[in-house]
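Below is one structure; the comments refer to it alone.
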Amino acid sequence: MAVTIPVKEFAERRRKLMDRMASDSIAILPAAPERVRNRDVLHPFRQDSDFQYLTGFGEPEAVLALIPGREHGEAVLFCKERNPEKELWDGFLVGPEGAIERYGFDDAFPIADIDDILPGMIEGRSRVYYPLGKDPAFDNRVMDWLKVIRSKVRSGAHPPGELVALEHLLHDMRLYKSAAEIKVMAKAGQISAEAHCRAMKRARQGGYEYNLEAELIHTFMEHGARSTAYPSIVGGGANGCILHYIENAAPLKDGDLVLIDAGCELECYASDITRTFPVSGKFSPEQKALYEVVLAAQYAAIDAVKPDNHWNQPHEAALKVLTQGLIDLGLLAGTLDDALANESYKPFFMHRTGHWLGLDVHDVGDYKVGDAWRVLEPGMALTVEPGLYIAPDNTDVEPRWRGIGIRIEDDVVVTKEGCRNLTEGVPKTIADIEALMAD
Ligand code: GLY
Ligand code: MN
Ligand code: MN
């Protein structure tokens with residue numbers, strides 16, 4: 001799959017970060033470590049999201065150093081050297097020369113030399129930005145580099161005085177998606193929508209939840225999205241009430257709904273879609289009644305995703321519709337205001353209506369600035385995912401409602417006028433779902 005974020009955009013991000021850093025500082029950021037799955041088998045490698053954002057460089061055993069004002073180059077990459085013998089076994093390595101030529105770094109060195117070179121780059125800088133506390137092994141390496149400088153103070157070396165978490169600066173940048181990022185996210189959304197359509201069409205009595213998981217993976221892979229953004233949730237019947245159900249091993253039953261929460265990852269960008277549909281292709285009256293409430297809540301929340309509204313407004317809009325719907329169906333007593341005030345809706349709706357979306361499925365970025373909810377601005381990407389879950393053992397409601405779990409989730413990006421839905425390629429009205437499944 002071709003990289004569609006241009007190389008120069010990564011350079012622009014590094015520039016922007018350096019512009020926000022103190023002038024006599026350095027930022028140090030490691031690639032993700034490789035992790036053993038069992039014995040000689042590694043987990044598939046996934047680059048660290050922050051490192052990916054600033055480099056687009058997909059190898060492990062690499063470190064980025066950003067050194068504003070450094071004469072011989074400000075953006076420096078340490079990475080593995082080329083090695084024809086190793087590459088014969090493990091595949092192509094970019095190497096330091098390739099990192100400069102193909103990825104636009106100003107300077108690059110073999111990772112094997114980092115302990116000799118990096119302390120000299122840190123020396124004389126008063127502040128070090130790095131992912132403080134994220135990985136104890138990397139914390140120790142930074143301390144080791146600082147010790148090298150401290151050991152030379154009597155020869156006139158200046159160790160830095162401040163260690164600062166890099167995340168504050170970087171994660172605010174990641175919250176605002178560029179046109180190129182939105183393009184990749186839209187493509188991921190489109191692939192995931194197609195996968196959900198395929199699963200809907202192939203749902204049938206007698207299959208297992210994992211059969212539908214297989215259909216999703218088929219479409220992801222077919223389009224070059226080799227990984228999911230998170231483990232797929234395929235919950236038939238009451239399993240749809242378990243928010244993070246990933247066992248996906250139960251038989252699908254005629255008369256039940258199935259809730260699928262799944263999205264592919266494309267070029268490290270996540271998509272995140274939930275659809276809920278009847279195994280048989282036809283909703284029952286109770287399923288229909290609850291589904292219409294969740295759908296109306298989702299529309300109300302999407303309507304509230306627009307510039308100048310704040311982060312919590314879509315949630316508040318969904319909550320009102322869901323709670324009023326529960327009252328209208330006789331599942332909750334009292335008035336809307338009472339139910340909202342005493343949170344009596346919580347047994348049926350216990351999660352937030354969404355989260356930021358980007359390189360991480362639950363993406364970075366503050367939801368509040370000080371005590372105030374963050375105001376939505378063009379370029380911010382988020383999910384909108386209200387749901388209703390009637391626990392199978394909830395004896396406060398009539399048996400006909402029990403064990404129904406419904407969530408509807410789309411990915412949207414705030415635009416100047418409102419928002420753009422990146423995942424509208426998969427139906428969500430009852431009529432459209434039933435029509436697709438009858439097809
Ligand atoms: N699939 C995780 C979520 O919807 O947040
Ligand atoms: Mn989801
Ligand atoms: Mn989500």
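Indexing begins at 1, ligand by ligand and atom by atom, following the structure's order. Please read these numbers as outputs of a predicted model, since none were measured by experiment. Keep in mind that the numbers below use all heavy atoms, side chains included, and drop hydrogens, waters and symmetry copies.
Electrostatic pairing of Arg14 and Glu74 does not count as a salt bridge here, judged by no charged N lying under 4.0 Å from a carboxylate O. Asp410 and Arg275 are joined by a salt bridge, as a carboxylate oxygen and a charged side-chain nitrogen come within less than 4.0 angstrom of each other. Taking 4.0 Å as the cut-off between side-chain N and carboxylate O, Glu417 and Lys306 do not count as a salt-bridged pair.
Taking the six-membered ring where the residue is Trp, Tyr367 and Trp356 present parallel rings, their angle staying beneath 30° rather than reaching 60°.
The shortest heavy-atom distance from Arg407 to ligand 1 is not under 4.0 Å. Not a single heavy atom of Val361 sits under 4.0 Å from any atom of ligand 1.
Here the side chains of Trp145 and Ile28 are in contact, with some heavy-atom distance below 4.5 Å.
The protein heavy-atom contact nearest to atom 5 (O) of ligand 1 is His362 NE2, 2.7 Å. Annotation: atom 3 (C) of ligand 1 to nearest protein heavy atom, Asp272 OD2, 3.4 Å.
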List the steps, then state whether side-chain hydrogen bond (donor to acceptor under 3.5 Å, both in side chains) holds for Thr353 with Glu385.
CA-CA 5 Å; Thr353 302; Glu385 50 178 307; over 6 Å; no

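Distances below 4.0 Å separate heavy atoms of Glu409 from the following atoms of ligand 1: 4 (O). Atoms of ligand 1 lying under 4.0 Å from any heavy atom of Tyr230, numbered from 1 in the order shown and given with element: 1 (N). Remark: ligand 1 atoms within the under-4.0 Å shell around heavy atoms of His355 are 3 (C), 4 (O), 5 (O).
Both tests pass for Arg13 against the ring of Tyr53: distance under 6.0 Å to the centre and angle within 45° of the axis. Judged by a 6.0 Å distance limit and a 45° cone about the ring axis, Arg141 is not positioned over the six-membered ring of Phe138.
A distance of 6.0 Å or more separates the ring centres of Tyr389 and Phe349.
Contacts with ligand 1 closer than 4.0 Å are made by no heavy atom of Thr383, backbone or side chain.
Note on His355: counted as a metal contact of the Mn ion (ligand 3), an N/O/S atom lying under 2.8 Å.
Of the inter-residue distances, the one linking Leu212 atom CG with Ser232 atom OG reads 10.5 Å to the nearest 0.5 angstrom.
Protein-derived N/O/S atoms nearer than 2.8 Å to the Mn ion (ligand 2) total 4, waters excluded.
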